[in-house]
Amino acid sequence: MFDSFRDSLDRLCNIVDKEIKNMFTITNSPIWFAVFDKFKKTNIGDLQFKEFIIYISNSIDHLKVNGKSFISIYKSKSTRDRSVVIRKVKGLIQLLDEFLHRNGYESMEEPIDVKTFLSKHVGITKESIEKDLELYNETLDDLEEHTIRHGSTLLEKQNRLSLLAMVAYSYKEDIDLDEWMLEYARKNNTYFPDQKKNYFHMRDDLHRFLKKKKRA
């Protein structure tokens with residue numbers, strides 16, 4: 001981890017100049033380090049990351065993430081509010097993915113139809129999902145903030161779909177996930193990239209947890 005961080009700093013030192021150094025404030029430098037760590041996995045030249053920082057600097061007043069203005073989140077000076085930090089990192093990673101795609105690079109992730117996934121694997125109608133999807137996302141944000149430790153790979157964007165399916169399942173079956181997710185996150189720091197497999201793995205673990213709790 002330290003070697004990777006040192007590599008990130010060495011590479012960033014080669015591209016951070018007068019044009020973008022103002023973006024690396026005390027508050028937001030750790031955010032940019034986390035986003036650059038994600039960028040490194042694309043094997044795209046580091047100058048594209050500099051171009052992305054310039055793009056954010058010039059366009060921040062107009063950028064949106066999931067239909068909501070990003071500026072208030074990005075300019076928040078809170079460094080202790082975990083949820084703010086997570087939203088900053090996730091928002092910038094989403095904007096980075098969109099930026100690279102527009103510039104002719106492949107998306108960092110294959111698009112997944114969330115409604116189709118939830119409908120097929122959780123067993124709820126797309127109409128119901130359309131009505132409740134915002135609730136699912138808000139519930140998951142709250143669960144992640146209070147049950148999963150910062151830095152856990154369970155918080156990676158690739159893993160969100162299966163976690164969202166768990167939230168949808170909990171509403172369908174009227175199950176409270178807080179205690180289960182707290183224990184699950186304590187025992188697990190990895191996930192299956194196949195989100196279908198990961199969802200069923202977590203669902204099975206939830207039922208084992210509930211049976212154990214019932215016996216106790």
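By convention here, the first residue in the shown sequence is residue 1.
Between the side chains of H146 and D142, at least one donor-acceptor pair of N or O atoms lies under 3.5 Å. Looking at S152 and N189, their side chains do bring a donor and an acceptor atom within 3.5 Å of each other. Under the 3.5 Å distance criterion, with hydrogens and angles disregarded, a donor-acceptor pair is assigned to the side chains of Y55 and R102.
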Test side-chain contact (heavy atoms from CB on, under 4.5 Å) applied to F49 and V35, step by step:
CA-CA 10 Å; F49 192 73; V35 177; 3.9 Å; yes
Test log, rule side-chain hydrogen bond (donor to acceptor under 3.5 Å, both in side chains), inputs K126 and T116:
CA-CA 7 Å; K126 289 188 177 181; T116 298; 3.1 Å; yes
Start with the C-alpha distance between L164 and V114, add both sets of side-chain angles, then the distance that settles side-chain contact (heavy atoms from CB on, under 4.5 Å), and finish with yes or no.
CA-CA 9 Å; L164 196 63; V114 175; 3.8 Å; yes
Tell me, with the steps shown, if F209 and E179 meet side-chain contact (heavy atoms from CB on, under 4.5 Å).
CA-CA 9 Å; F209 173 82; E179 290 184 34; 3.8 Å; yes
Step by step, would you call F99 with I56 a side-chain contact (heavy atoms from CB on, under 4.5 Å)?
CA-CA 10 Å; F99 174 80; I56 294 296; over 6 Å; no
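A cation-pi contact, defined as under 6.0 Å to the ring centre and within 45° of the axis, links R203 to Y169.
Between atom CG of residue N137 and atom CD of residue E134 there is a gap of 8.0 Å, rounded to the nearest 0.5 Å. Interatomic distance, OG1 of T139 versus CG of L163, reported as 12.5 Å (0.5 Å rounding). From I53, atom CD1 reaches atom CG of L92 across 9.5 Å, with rounding to the nearest 0.5 Å. Rounding to the nearest 0.5 Å gives a distance of 12.0 Å between CD1 of I73 and CD1 of I86. Interatomic distance, D61 CG to S69 OG, rounded to the nearest 0.5 Å: 8.0 Å. One distance of note links OH of Y184 with CG of L177; it measures 12.5 Å at 0.5 Å rounding.
In this structure, D17 contributes its side chain and E19 its backbone to a donor-acceptor pair below 3.5 Å. Listed for the K88 side chain is a donor-acceptor partner under 3.5 Å among the backbone atoms of Y74. Here the side chain of S29 pairs a donor or acceptor atom with the backbone of T25 at under 3.5 angstrom. Under a 3.5 Å cut-off, the side chain of D194 and the backbone N or O of K197 do form a donor-acceptor pair. A donor-acceptor pair under 3.5 Å is formed between the side chain of T125 and the backbone N or O of S128. A donor-acceptor pair under 3.5 Å links the side-chain atoms of S170 to the main chain of V167, judged by distance alone. The backbone N or O of I20 sits nowhere less than 3.5 Å from a side-chain atom of K50 that would complete a donor-acceptor pair.
For the pair R160 and D141, the minimum side-chain heavy-atom distance is below 4.5 Å. Between E51 and I54, some side-chain heavy-atom pair lies under the 4.5 Å cut-off. Residues L118 and L133 are in side-chain contact: their nearest non-hydrogen atoms beyond the backbone lie under 4.5 Å apart. N66 places a side-chain heavy atom less than 4.5 Å from the side chain of Q94. Between F33 and L9, the closest side-chain pair of non-hydrogen atoms falls below 4.5 Å. A heavy-atom distance below 4.5 Å is not found between the side chains of D132 and Y171. In this structure the side chain of L143 reaches within 4.5 angstrom of the side chain of D178, judged on heavy atoms. Counting heavy atoms from C-beta on, the side chains of T153 and Y191 come closer than 4.5 Å.
Taking the six-membered ring for Trp, F117 and H121 have ring centres closer than 6.0 Å.
Considering only residues two or more places apart in sequence or on other chains, L182 meets the side-chain contact (heavy atoms from CB on, under 4.5 Å) condition with T147.
Within 6.0 Å of NZ on K64 lie no more than 12 heavy atoms contributed by other residues, nucleotides or ligands. Within a 6.0 Å radius of NZ in K40, other residues, nucleotides and ligands contribute more than 12 heavy atoms.
Neither M181 nor F192 shares a network with the other; the hydrophobic side chains, linked directly or stepwise wherever heavy atoms of I, L, V, M, F, W or Y lie under 4.5 Å apart, form separate groups for each. Cluster annotation: L96 is connected to V16 through the hydrophobic network of ILVMFWY side chains, with a link wherever side-chain heavy atoms come within less than 4.5 Å. Under a hydrophobic-cluster definition in which Ile, Leu, Val, Met, Phe, Trp and Tyr are linked whenever side-chain heavy atoms come within less than 4.5 Å, directly or via other members, L95 and I60 are assigned to the same cluster. One hydrophobic cluster, built from ILVMFWY side chains closer than 4.5 Å, cannot hold both V84 and V65; they sit in different ones.
In plain terms, the two heavy atoms of L155 and R149 that are nearest each other are CD1-O, 3.7 Å. When all heavy atoms of N198 and S162 are compared, the closest pair comes out as ND2-OG, 2.9 Å. Of all heavy-atom pairs spanning Q195 and L161, the tightest one is OE1-N, 3.6 Å. Residues W180 and M202 approach most closely at CZ2-O, 3.5 Å, considering heavy atoms. Contact between L47 and I15 at its shortest, heavy atoms only, is CD2-CG2, 4.2 Å. The shortest non-hydrogen separation linking A185 to L154 is CA-CD1, 3.8 Å.
Of the listed residues (D204, L206, L210), just one forms a side-chain contact (heavy atoms from CB on, under 4.5 Å) with R208, and that residue is D204.
At a threshold of 4.0 Å, the pair R87-E145 does not count as salt-bridged, since none of the basic side-chain nitrogens sits closer than that to a carboxylate oxygen. Ion pair E156/K38 not flagged as a salt bridge, since none of the NZ, NE, NH1 or NH2 atoms sits closer than 4.0 Å to an Asp/Glu carboxylate oxygen.
Between F24 and W32, the ring planes are tilted. Angles from 30° to 60° get that label.
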